[in-house]
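Atoms within each ligand, like the ligands themselves, are counted from 1 in listed order. The analysis underlying the following values was restricted to heavy atoms, covering all of them including side chains, and did not include hydrogens, waters or symmetry mates.
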Amino acid sequence: MPITSPALLHSHATSFGFKEVPEEEKSRMVGDVFSSVASKYDIMNDIMSVGLHRLWKDRLVSKLSPFPGMQHLDVAGGTGDIAFRVLEAIHSLERQRISGVAVDEDAEDETRVFICDINPAMLDVGRRRAIAKGLGEARSLIWMEGDAEALKFEDASMDGYTIAFGIRNVTHIEKALSEAYRVLRRGGRFLCLELSHVDIPGFRDLYDFYSFSVIPSVGEIVAGDRESYQYLVESIRKFPSQEKFATMIKEAGFEKVEYENLAGGVVAIHSGFKL
Ligand SMILES: C[S@@+](CC[C@H](N)C(=O)[O-])C[C@H]1O[C@@H](n2cnc3c(N)ncnc32)[C@H](O)[C@@H]1O
């Protein structure tokens with residue numbers, strides 16, 4: 001049963017999980033969710049996905065094919081999980097250079113990976129993890145507070161754009177896509193990793209049971225926060241299907257749009273190029 005607040009009578013409504021809320025409130029409510037779960041975010045990810053989120057993120061970054069000198073933007077990237085992988089991929093090219101494969105050293109100095117997230121608590125988690133990895137002083141990593149819907153970057157300034165488990169949370173997905181398109185250079189690639197829709201009978205029932213019965217309970221036990229994890233599973237069901245989301249990406253101007261389902265559609269990686 002949708003819950004309707006009196007404010008909705010005067011404002012556009014949007015979904016916050018299965019609830020309808022005024023558009024201007026969604027961002028604050030999503031902010032509350034991530035401020036609440038930030039400290040337990042990593043452990044909950046490992047538990048909920050039985051560690052698979054690491055492989056899914058590896059896959060995303062392997063599709064990106066990072067290169068020395070790259071200007072890359074990871075949006076909703078608070079934990080740094082994607083940014084660290086992008087840098088690691090570039091460092092691994094550097095190690096290959098040492099073992100004889102030619103890599104432009106000057107270009108490597110120019111590498112910049114920007115991590116943009118709306119939530120300071122999530123950025124703090126990422127910064128602490130960077131320090132633990134010995135990347136606290138890395139010039140190539142730049143942490144910024146910002147909104148996917150209004151990026152503080154110049155037009156055509158990025159070679160790559162990633163967003164992992166983030167776009168589901170933004171209020172206007174179309175605005176985030178159009179911002180992704182704006183900041184990418186011609187030839188730049190958009191990649192989005194997101195929880196998506198399972199369409200395999202039998203597996204879908206199992207996945208529904210796991211989502212609605214197990215995840216909120218685990219959230220309550222491990223993170224002391226059932227509601228945030230209830231929002232998480234509801235927001236997955238409200239997110240557009242793989243096909244619909246691919247259409248939205250095309251409508252934002254991207255070309256060669258395609259997607260890959262992982263784990264039967266539990267997650268999907270969507271890709272598009274600005275040509
Ligand atoms: C589920 S976490 C994903 C974090 C990281 N990308 C990962 O894969 O581990 C979602 C992130 O999206 C961020 N977020 C939500 N709305 C946003 C917005 N409008 N602009 C930028 N970041 C946003 C949250 O603060 C949170 O850090």
Side-chain angles (χ1 to χ4, degrees), residues 14-17 21 23-49 51-61 64 72-86 113-130 133 141 143-153 160-180 182-183 191-196 215 219 223 225 228-236 238-239 262 266-270:
T14 190
S15 67
F16 177 77
V21 299
E23 277 187 340
E24 56 277 15
E25 277 184 28
K26 174 162 175 169
S27 176
R28 179 192 54 77
M29 293 170 87
V30 168
D32 289 349
V33 165
F34 287 106
S35 299
S36 160
V37 304
S39 62
K40 296 283 185 216
Y41 181 80
D42 282 335
I43 183 157
M44 277 301 292
N45 261 358
D46 277 330
I47 294 173
M48 286 185 304
S49 73
L52 285 173
H53 74 103
R54 295 167 188 269
L55 301 181
W56 298 333
K57 288 168 179 168
D58 287 348
R59 178 82 186 140
L60 178 83
V61 173
L64 180 70
H72 182 72
L73 173 59
D74 182 46
V75 173
T79 56
D81 258 10
I82 303 302
F84 298 144
R85 281 172 170 76
V86 172
V113 180
F114 298 89
I115 303 121
C116 166
D117 197 289
I118 205 164
N119 193 309
M122 291 295 279
L123 285 167
D124 279 349
V125 172
R127 281 196 198 95
R128 277 201 297 273
R129 292 180 63 203
K133 284 174 178 289
L141 275 185
W143 305 83
M144 299 177 63
E145 207 176 310
D147 186 347
E149 294 187 28
L151 295 172
K152 296 174 214 150
F153 296 93
Y161 174 110
T162 46
I163 182 162
F165 305 120
I167 204 155
R168 198 182 62 246
N169 300 296
V170 309
T171 308
H172 306 97
I173 294 174
E174 294 86 351
K175 274 194 199 164
L177 291 174
S178 124
E179 280 292 85
R182 181 182 66 76
V183 300
L191 282 163
C192 172
L193 172 65
E194 190 50 272
L195 291 150
S196 200
I215 289 183
D225 181 350
S228 292
Y229 287 91
Q230 184 70 32
Y231 158 74
L232 169 81
V233 292
E234 291 179 4
S235 67
I236 300 166
K238 295 296 280 185
F239 190 67
L262 302 174
V266 170
V267 298
I269 296 178
H270 281 76

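- The nearest pair of heavy atoms linking Glu179 to Leu151 is OE2-N, 2.6 Å.
- Summarising the geometry of Gly17 relative to Lys238, their closest heavy-atom pair is O-CG, 3.2 Å, with the distance given to 0.1 Å.
- Taking the side chain as every heavy atom from C-beta outward, Val61 and Ile82 approach each other to under 4.5 Å.
- Shown here are the ring pair (Phe, Tyr, Trp, His ring centres under 6.0 Å) partners of Phe153, two or more places apart in sequence or in another chain: Phe114.
- A donor-acceptor pair under 3.5 Å is absent between the side-chain atoms of His270 and the main chain of Cys192, judged by distance alone.
- The existence of a salt bridge linking Asp58 and Arg54 is excluded, since no basic side-chain nitrogen approaches an acidic carboxylate oxygen closer than 4.0 Å.
- For ligand 1, the 4.0 Å heavy-atom shell takes in Val30, Phe34, Tyr41, Lys57, Ala76, Gly77, Thr79, Asp117, Ile118, Asn119, Met122, Gly146, Asp147, Ala148, Ala164, Phe165, Asn169, Val170, ordered by chain and residue number.
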